[in-house]
Amino acid sequence: MIDLPRNSSMAQGDARRPDDTDEGGVAPDGTSTNARLVLVTGVSGAGRTTSLKILEDFGFDAVDNLPLRLLPNLLSGDAELKVPVAIGLDIRTRDFGVDQFGDIIASLRAQPGLDLTVVFVDAESTVLQRRFTESRRPHPLTQDRPLVDAIAHEKRLMAPIAAIADMQIDTSRLKATELRKILQDHFASPTSGQMAIFVKSFSFRQGVPGEADLVFDVRFLRNPHYDPDLRNLTGMDVRVGEYVAQDRDFAGFMDRLKALIGPVLPRYAEEGKSYLTIAVGCTGGKHRSVYIARLLNDWISTLGYDVHLSHRDKPAEPDETKPGEMI
């Protein structure tokens, strides 16, 4: 789950993109000329280090565990950010304190000419337990307490920081490639004028992807889950596709879906949107949403767009990342 930025009123599509700007600091092409600073924080094991490496691939200067007392001096005096900077901070950072962190964030947000984004990575406690157990890495707070207690304690400590973050990313069910796409959506400078489109299937039980710009519910279609021969298959199987396609409303729905999406894609591109995420959901994220997302992805590719397909909640294939692996 990706939480939308603060003050977004939870409206889909309001998340900040690289070409969004605050007052002032606007180039002729509409992009921000403000110094770009991304602070990546969160709970241990949720993917902070991976996020920093991804941002580094996008052209950021990445610094991990910068002492908190040095952060306010980053842009003081004659110092300037010639390139975007990403800084990783968590409970292990020297002189880290929740109240101090909040005060520093408030002062940085008030600083003119600075485009600041605070990213908080999180994951479910059971997933964090598996990650630490399987990787055999010690949790930073396990000196005198069991792992489960250390994770719960850190979540309590970091809750005030999560509350002031601009963006929250739950990596519980994300593969590293999906985390990369999310960060790319928000922070990568587009390398071409072409809009990138991400089509994603998901389970409503696990929540709507927060990064989605357009969301479509296909739970009205006949459900292969209730067919014993299809229950253990996924929407990647031709038999599942044939079963779904036999629904009396399937053909009309697909025609109307294409008629809705087709005209708006070039309009989004004309507005300068670099990334567009289309999410298709069903109950379990295994059959109907996977099949419809596949069809939608194939159709959009025929229109000449740069389109990428992923399935958030489809059961993992043998070569895919397991939920418990350190992301």
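- Looking only at side-chain heavy atoms (C-beta outward), His311 and Thr234 stay at 4.5 Å or farther from each other.
- Side-chain atoms of Arg312 and Gln206 form no donor-acceptor pair, as typed in the model, at a separation below 3.5 Å.
- Residues that satisfy the side-chain hydrogen bond (donor to acceptor under 3.5 Å, both in side chains) test with Ser289, not counting sequence neighbours, are absent from this structure.
- Under the salt bridge (charged side-chain N to carboxylate O under 4.0 Å, His left out) criterion, the residue pairs touching residues 39-55 are Arg48-Asp64, Arg48-Asp90, with sequence neighbours excluded.
- The closest side-chain donor-acceptor pair between Ser203 and Arg173, if any, does not fall under 3.5 angstrom.
- Between Leu66 and Leu89, the shortest heavy-atom contact is O-CD2, 3.2 Å.
- Contact check for Ile292 versus Met254: side-chain heavy atoms found under the 4.5 Å cut-off.
- Side-chain atoms of Val119 and Leu55, non-hydrogen and from C-beta on, never get closer than 4.5 Å to each other.
- Between Arg205 and Asp313 there is no salt bridge, since no side-chain N of the basic residue sits under 4.0 Å from a carboxylate O of the acidic one.
- Among residues at least two apart or in separate chains, there is no salt bridge (charged side-chain N to carboxylate O under 4.0 Å, His left out) pair with a member in residues 286-300.
- The ring-ring contact (aromatic ring centres under 6.0 Å, His included) contacts involving residues 208-229 comprise Phe220-Phe253, where partners must be two or more places apart or lie in separate chains.
- Sorted by first then second residue, the ring-ring contact (aromatic ring centres under 6.0 Å, His included) pairs that include residues 101-123, not counting sequence neighbours, are Phe96-Phe101.
- With sequence neighbours excluded, no residue satisfies side chain to side chain contact (heavy atoms under 4.5 Å, CB included) with Ala251.
- Residues meeting the side-chain hydrogen bond (donor to acceptor under 3.5 Å, both in side chains) test with Ser107, sequence neighbours left out: none.
- The list of side chain to side chain donor-acceptor pair (under 3.5 Å) pairs with a residue in residues 253-262, not counting sequence neighbours, is empty.
- Contact annotation: the side chain of Leu183 approaches that of Ile169 to within less than 4.5 Å [non-hydrogen atoms, C-beta and beyond].
- Between the CD atom of Gln168 and the CG atom of Asp122 there is a distance of 7.0 Å, given to the nearest 0.5 Å.
- Within the 4.5 Å cutoff, the side chain of His186 has no heavy atoms near those of the Thr117 side chain.
- Listed by first and then second residue, the salt bridge (charged side-chain N to carboxylate O under 4.0 Å, His left out) pairs involving residues 238-254 are Asp237-Arg239 (not counting sequence neighbours).
- Residue pairs satisfying the ring-ring contact (aromatic ring centres under 6.0 Å, His included) criterion with at least one member in residues 136-174, sequence neighbours excluded, are listed as follows: Phe132-His139.
- A search for side-chain hydrogen bond (donor to acceptor under 3.5 Å, both in side chains) contacts involving Gln246 returns Arg222, not counting sequence neighbours.
- By the side-chain hydrogen bond (donor to acceptor under 3.5 Å, both in side chains) test, Asp306 is found to be paired with His308, residues two or more places apart in sequence or in another chain being considered.
- Taking 4.5 Å as the limit, every side-chain heavy atom of Val121 sits out of range of all side-chain heavy atoms of Thr50.
- Separation of atoms CG (Asp213) and OH (Tyr275) is listed at 12.5 Å; rounding is to 0.5 Å.
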